[in-house]
Amino acid sequence: MQPFTKRVVTIIQNIPEGRVMTYGQIASVAGSPRAARQVVRVLHSMSKKHQLPWHRVVNSKGKIALQDDASYHEQLLSLESEGIEVGLNGVIDLARYQYHPD
DNA sequence: GCCATGGCTAGTA
DNA sequence: GCCATGGCTAGTA
């Protein structure tokens with residue numbers, strides 16, 4: 001696993017229950033501010049193997065990004081089960097739920 | 001090296 | 001447009 005990938009995995013694993021982070025934010029914290037799409041790739045390829053809380057990652061507007069209906073609902077339910085309020089439009093209040101690691 | 005991949009995003013129009 | 005990876009391929013040594 002490459003350094004950037006490793007940092008991304010670690011960051012995602014450390015998102016607390018009931019909180020979320022955005023793709024771009026994770027990329028920034030990992031040291032590469034414009035590498036949001038790489039975060040997508042990591043999520044795609046390593047969620048299972050590394051038990052990543054993939055549902056705690058949303059886009060910059062705080063919205064669930066998944067298009068696929070089944071996956072969208074899985075994420076929705078996971079978030080709600082952690083006490084996060086999700087609007088009908090799939091939007092989460094970042095001011096309230098976004099996690100900011102030190 | 002080259003190229004596809006990908007659940008994005010800042011910043012125009 | 002951004003950009004880190006993995007997989008594949010031509011083309012050297």
Side-chain angles (χ1 to χ4, degrees):
Chain A
M1 191 163 41
Q2 300 305 300
F4 176 82
T5 304
K6 187 169 247 174
R7 287 197 292 274
V8 169
V9 167
T10 302
I11 291 165
I12 296 174
Q13 285 172 331
N14 286 327
I15 305 176
E17 207 177 300
R19 310 298 294 283
V20 299
M21 285 182 81
T22 71
Y23 297 95
Q25 181 196 7
I26 291 168
S28 289
V29 174
S32 191
R34 285 171 292 184
R37 307 207 72 158
Q38 283 56 249
V39 175
V40 171
R41 189 182 46 77
V42 171
L43 239 27
H44 238 260
S45 56
M46 321 196 71
S47 279
K48 274 224 173 90
K49 190 173 178 78
H50 293 270
Q51 314 243 342
L52 302 184
W54 58 271
H55 60 279
R56 298 184 188 136
V57 184
V58 296
N59 73 20
S60 65
K61 292 180 186 145
K63 182 165 182 168
I64 293 178
L66 292 175
Q67 298 304 310
D68 176 62
D69 275 5
S71 308
Y72 179 95
H73 276 96
E74 188 180 352
Q75 181 167 15
L76 176 66
L77 293 179
S78 297
L79 291 171
E80 289 182 332
S81 76
E82 298 185 355
I84 295 177
E85 280 181 29
V86 184
L88 291 178
N89 43 7
V91 175
I92 290 159
D93 181 8
L94 286 180
R96 189 170 162 194
Y97 297 110
Q98 185 169 18
Y99 175 60
H100 296 95
D102 301 313

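Quick caveat: nothing in here was measured; it's all calculated off a predicted structure. Naming convention: chains lettered A, B, ... in sequence-line order (proteins, then strands); numbering from 1 in each chain. Computation of the quantities below employed the complete heavy-atom set of this structure, encompassing side-chain atoms and omitting hydrogens, waters and symmetry-equivalent molecules.
In this structure, the CD1 atom of A:Ile11 is 14 Å from the P atom of C:dA4, given to the nearest Å. In this structure, the CZ atom of A:Arg34 is 7 Å from the C1' atom of C:dC2, given to the nearest Å. Spacing between atom CG of A:Leu66 and atom P of B:dG6 amounts to 13 Å, rounded to whole angstrom units. One interatomic measurement links the two molecules: CZ of A:Arg41 to C1' of C:dC2, which rounds to 14 Å at whole-angstrom precision. The CZ atom of A:Phe4 sits 7 Å away from the C1' atom of C:dA4 (whole-angstrom rounding). To the nearest angstrom, P of B:dG7 lies 3 Å from NE2 of A:His44. A straight line from CD1 of A:Ile92 to C1' of B:dG7 spans 13 Å, rounded to a whole angstrom.
Across the C1' atoms, C:dG7 and B:dG7 are found 23 Å apart, a figure rounded to whole Å.
Note: the hydrophobic cluster containing A:Tyr72 also contains A:Leu79 (ILVMFWY, side chain heavy atoms under 4.5 Å, direct or indirect links). By the rule that hydrophobic residues join a cluster once side-chain heavy atoms approach within less than 4.5 Å of another member, A:Met1 and A:Val29 end up as members of one cluster.
Using a 4.0 Å heavy-atom criterion, one finds that A:Ser45 contacts no nucleic acid atom at all. Heavy atoms of A:Val39 sit nowhere under 4.0 angstrom from any nucleic acid atom.
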Which donor-acceptor pairs under 3.5 Å do the side chains of residues 40-50 of chain A make with protein atoms, sequence neighbours left out?
from: A:Ser45; atom 1: OG; to: A:Arg41; atom 2: O; distance (Å): 2.9
from: A:Ser47; atom 1: OG; to: A:Leu43; atom 2: O; distance (Å): 2.6

Could you go through residues 93-102 of chain A and list every donor-acceptor pair under 3.5 Å that involves a side-chain atom there, pairing it with any protein atom two or more places apart or in another chain?
from: A:Asp93; atom 1: OD1; to: A:Ala95; atom 2: N; distance (Å): 3.2
from: A:Tyr97; atom 1: OH; to: A:Glu85; atom 2: N; distance (Å): 3.1
from: A:Gln98; atom 1: NE2; to: A:Gln25; atom 2: OE1; distance (Å): 2.7

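In this view, A:Arg34 satisfies the side-chain contact (heavy atoms from CB on, under 4.5 Å) rule with no residue, not counting sequence neighbours.
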- Task: Would you please test A:Lys63 and A:Val58 for side chain to side chain contact (heavy atoms under 4.5 Å, CB included) and show each step?
- Result: CA-CA 6 Å; A:Lys63 182 165 182 168; A:Val58 296; 6.0 Å; no
Could you list, one pair per line, each protein nitrogen or oxygen that sits under 3.5 Å from a nitrogen or oxygen of nucleotides 9-13 of chain B, together with the distance?
from: B:dT9; atom 1: OP1; to: A:Gly24; atom 2: N; distance (Å): 3.0
from: B:dT9; atom 1: OP2; to: A:Ser60; atom 2: N; distance (Å): 2.8

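More than 12 heavy atoms of other residues, nucleotides or ligands lie within 6.0 Å of CD in A:Glu80, so this atom counts as buried by the packing criterion.
A distance of 10.5 Å separates CG in A:Asp68 from NE2 in A:His73, rounded to the nearest 0.5 Å. A:Asn14 CG to A:Met21 CE: the interatomic distance, rounded to the nearest 0.5 Å, is 9.5 Å.
In DNA chain B, the stems built from three or more successive Watson-Crick or G-U pairs (distances below 3.5 Å) are B:1-6 with C:3-8.
DNA chain B lies under 4.0 Å from no heavy atom of any residue of residues 67-86 of chain A.
In this structure, the side chain of A:Gln75 engages the main chain of A:Val57 through a donor-acceptor pair within 3.5 Å.
Pairing each heavy atom of A:Val8 with each of A:Ala30, the nearest pair is CG2-CB, 3.9 Å.
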